[in-house]
Amino acid sequence: MEIPMDKKMCFVNSLTFQFEITARIFYGIAKDLFKEDVKNKITLEEFLVLEALVCYPHLNINTLAKTLVREKLCVEKIITKLIKKKFLKEINNNGTEIQVKYYELTKAGDKVYQDCAPKNDKMLAVIAKFISENELLAFTKTLLKIRNILISLGYVSY
C-alpha cells in the first residue's frame with residue numbers, strides 16, 4: 001500500500017494502534033464485568049490460568065506462559081496466588097531424571113472455575129448484539145491467523 005507523498009500516516013490511524021487500543025478497551029471492559037460478576041473470588045488473569053489448565057491439563061509454567069502469551073514471571077505469580085487460595089496443586093513429574101512441575105485444579109479450584117466459566121462470555125454477548133455470529137467467527141479466524149503468523153516469524157517473546 002503506497003501512501004501519497006503529501007499525506008502523512010499518523011500512528012493513531014494505523015492498524016497496529018487500532019488493534020492495541022481495541023484490545024485494551026475490550027480487555028478492560030471484560031475484566032470489569034468479570035470482577036463484578038464473580039465478587040472478588042478470582043481475578044480474570046487467575047481464571048485464564050485455571051481455564052488453560054482445564055483445556056490443556058498438566059502444563060508446566062513455561063508452556064503455560066507460551067499458551068497465554070504472558071511473561072513466565074507473571075504466570076508464576078498467578079500460580080502462587082492460586083496455590084495459596086487452594087485452587088491449584090503442584091504435581092512433580094517423578095518419571096524422568098528432570099523434575100518438572102505441573103499443576104492441577106483442586107476440587108475448590110474446579111468449583112470456582114465452574115462458577116466463573118459462564119460469566120466469561122458476558123462481553124461476547126454485548127458484542128453479538130452488533131456483529132453477526134458469522135462476522136465474529138470470521139474475525140476470530142483472522143485474528144488467529146495473524147497471531148500465528150507473528151508467532152511463526154518470531155515476533156512474540158515470552
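Fair warning: this is a prediction, and the values are worked out from it, not measured in the lab. Every heavy atom of this structure was used, including side-chain atoms; hydrogens, water molecules and symmetry mates were not.
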Distance check, rounded to the nearest 0.5 Å: Ile127 atom CD1 versus Leu136 atom CG?
7.5 Å
Test salt bridge (Lys or Arg N to Asp or Glu O under 4.0 Å) applied to Glu45 and Lys31, Arg70, Lys35, the passing residue
Arg70
Chi angles and distances behind the side chain to side chain contact (heavy atoms under 4.5 Å, CB included) call for Glu36, Asp32:
CA-CA 6 Å; Glu36 180 182 302; Asp32 290 345; over 6 Å; no
Minimum heavy-atom distance Glu51-Tyr113, with the two atoms named:
OE2-OH, 3.3 Å
Cluster overlap Phe26 with Leu144, hydrophobic side-chain contacts below 4.5 Å
no
Are there over 12 heavy-atom neighbours, none belonging to Lys81, within less than 6.0 Å of that residue's NZ?
no
Check the pair Ile78, Leu48 against side chain to side chain contact (heavy atoms under 4.5 Å, CB included), reporting the backbone distance first and the verdict last.
CA-CA 10 Å; Ile78 294 168; Leu48 293 174; over 6 Å; no
Run Leu88 and Thr106 through side chain to side chain contact (heavy atoms under 4.5 Å, CB included) and show every step you take.
CA-CA 5 Å; Leu88 277 186; Thr106 62; 5.6 Å; no
How many angstroms lie between CZ in Phe11 and CD in Gln18, if you round to the nearest 0.5 Å?
9.5 Å
Do you know which two heavy atoms are closest between Ala52 and Leu64, and how far apart they sit?
CB-CD1, 3.6 Å
Closest heavy-atom pair and its distance - His58, Glu104
CE1-OE2, 2.5 Å
Nearest 0.5 Å, please: how far is OH in Tyr27 from CG in Leu44?
4.5 Å
Geometric class of the Phe34/Phe47 ring pair [parallel <30°, tilted 30-60°, perpendicular >60°]
tilted
Do Leu68 and Leu73 share a hydrophobic cluster (ILVMFWY, side-chain heavy atoms under 4.5 Å, transitive)?
no
Pair Leu59, Leu53 - check side chain to side chain contact (heavy atoms under 4.5 Å, CB included), show working.
CA-CA 7 Å; Leu59 292 181; Leu53 291 171; 4.0 Å; yes
Does atom CZ of Phe139 have more than 12 heavy-atom neighbours from other groups under 6.0 Å away?
no
Check this for me: Glu133, atom CD, are more than 12 non-hydrogen atoms of other residues, nucleotides or ligands nearer than 6.0 Å?
no
Quick check: are there more than 12 heavy atoms from other residues, nucleotides or ligands sitting under 6.0 Å from OH of Tyr56?
no
Return the CD to OG1 distance between Glu90 and Thr80, rounded to the nearest 0.5 Å.
9.0 Å
How long is the straight-line distance from OG1 of Thr16 back to CD1 of Ile21, given to the nearest 0.5 Å?
13.0 Å
Without swapping roles, check the side chain of Ser152 against the backbone of Ile149 for a donor-acceptor pair under 3.5 Å.
yes
With side chain to side chain contact (heavy atoms under 4.5 Å, CB included) as the test, pick out the partner of Tyr103 among Leu82, Ile61, Ile91, Asn60.
Ile61
So does Gly109 get a backbone contact from the side chain of Gln114, meaning a donor-acceptor N/O pair under 3.5 Å?
no
Is any side-chain heavy atom of Glu76 closer than 4.5 Å to a side-chain heavy atom of Lys72?
yes
Of all heavy-atom pairs between Ala65 and Val75, which one has the smallest distance, and what is that distance?
CA-CG2, 3.8 Å
So how far is it from Ile79 CD1 to Ile83 CD1, rounded to the nearest 0.5 Å?
6.5 Å
